[in-house]
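The block underneath contains the structure these notes are about, expressed in structure tokens.
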Amino acid sequence: AQRVTQPEKLLSVFKGAPVELKCNYSYSGSPELFWYVQYSRQRLQLLLRHISRESIKGFTADLNKGETSFHLKKPFAQEEDSAMYYCALDPSNTGKLIFGQGTTLQVKP
Amino acid sequence: DTAVSQTPKYLVTQMGNDKSIKCEQNLGHDTMYWYKQDSKKFLKIMFSYNNKELIINETVPNRFSPKSPDKAHLNLHINSLELGDSAVYFCASSQRVAGGVDEQFFGPGTRLTVL
């Protein structure tokens, strides 16, 4: 079955510390993977997608097909990074996003 | 202001009632979606329409019926509301591009509370 797992419900770090939000997926084909973010009182919005290989707001995510992972990383967390982060898989390129359970990132001053 | 908008923002109603949530996008996208976010913040797709045609229909009770009068609108009608329908419902839209679909743009959500 196609599934996305984010094992951490809450990740709490201090400002300036490195951050890694874990995401593992279950899919046998070539995955289309995304990270979406929801800041407090804002809409859910795309942070980055693996196909673009961009770094957005200092975040990067590398697809590891061997480990079926797409972890989100940032070397130095900022307080404004505090938000809910969702990893999502589009297995059939139809827009049918399968979301993980979400991880709340809390960056303390 | 180009965006995805939903009305109402909050909806409180009694069990057994019928209610509708409206969604409109002015981004010129051809695909629209409804998602349900439960109390644990888990997001799950319900439906997707492409140019007014239903293309994704997940395992959702028949009481839920989406309606797309045109490609800029996708409304969600819910009959005989149950306690378990209480959730935040998100509308989203995207545009088909070569090889798939582009990023999805989400509405602000409608918080439905069934008493």
Side-chain angles (χ1 to χ4, degrees), chain A residues 1-11 21 23 25 27 29-54 56-57 59 61 82-106, chain B residues 1-6 9-10 23 25 27 29-51 53-60 66 71 74 87-111:
Chain A
Q2 297 148 0
R3 190 166 50 238
V4 176
T5 304
Q6 293 178 249
E8 302 136 331
K9 198 170 175 179
L10 171 66
L11 185 62
L21 289 91
C23 171
Y25 65 91
Y27 178 59
S30 284
E32 181 77 39
L33 285 154
F34 306 81
W35 277 99
Y36 277 81
V37 61
Q38 189 171 25
Y39 300 102
S40 179
R41 296 191 196 89
Q42 291 188 30
R43 301 162 186 237
L44 193 63
Q45 57 187 282
L46 179 68
L47 179 63
L48 53 80
R49 58 194 304 180
H50 93 273
I51 200 168
S52 60
R53 296 185 165 271
E54 290 175 300
I56 307 290
K57 298 185 180 183
F59 284 97
S82 295
M84 180 76 149
Y85 291 80
Y86 288 96
C87 182
L89 164 72
D90 183 351
S92 49
N93 252 345
T94 58
K96 179 185 167 183
L97 289 178
I98 298 169
F99 281 92
Q101 302 93 315
T103 298
T104 299
L105 174 63
Q106 187 183 72
Chain B
D1 196 22
T2 53
V4 180
S5 59
Q6 293 178 229
K9 197 169 178 181
Y10 300 96
C23 178
Q25 56 94 4
L27 298 164
H29 292 163
D30 58 7
T31 306
M32 296 184 72
Y33 313 81
W34 277 110
Y35 289 87
K36 180 180 180 181
Q37 186 182 50
D38 63 23
S39 57
K40 294 180 181 172
K41 303 277 190 184
F42 183 56
L43 265 169
K44 190 168 163 48
I45 192 163
M46 300 171 71
F47 303 102
S48 174
Y49 271 71
N50 177 257
N51 277 321
E53 187 182 331
L54 181 66
I55 57 171
I56 295 172
N57 186 355
E58 288 298 284
T59 310
V60 176
K71 73 173 193 176
L74 180 61
V88 181
Y89 292 85
F90 287 97
C91 178
S93 72
S94 67
Q95 180 62 36
R96 284 206 169 273
V97 295
V101 295
D102 208 351
E103 75 173 275
Q104 293 185 26
F105 290 79
F106 283 79
T110 295
R111 183 175 292 278

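Numbers restart at 1 for each chain; the letters A, B, ... are given by sequence-line order, proteins then strands.
Applying a 4.5 Å heavy-atom cutoff, the residues of residues 37-46 of chain A that approach chain B are Gln38(A), Arg43(A), Leu44(A), Leu46(A).
Taking Thr104(A) as the reference, Leu10(A), Met84(A) meet the side-chain contact (heavy atoms from CB on, under 4.5 Å) condition, with sequence neighbours excluded.
With a 4.5 Å cut-off on side-chain heavy atoms, Tyr35(B) and Leu97(A) count as touching. For the pair Lys9(A)/Lys41(B), no side-chain contact is recorded, criterion being any heavy-atom separation below 4.5 Å from C-beta on.
For a residue to count as touching a neighbouring chain, one of its non-hydrogen atoms must lie under 4.5 Å from one of that chain's; by this rule Gln37(B) touches chain A with the side chain only. The contact between Ile56(B) and chain A is made entirely by side chain atoms (from C-beta outward), counting heavy-atom distances below 4.5 Å.
A distance of 10.5 Å separates CD of Gln101(A) from CG of Asp38(B), quoted to the nearest 0.5 Å. Rounding to the nearest 0.5 Å gives a distance of 5.0 Å between OH of Tyr36(A) and CD of Gln104(B).
Looking at every heavy atom in both residues, Phe99(A) comes nearest to Leu43(B) through CB-O, 3.6 Å.
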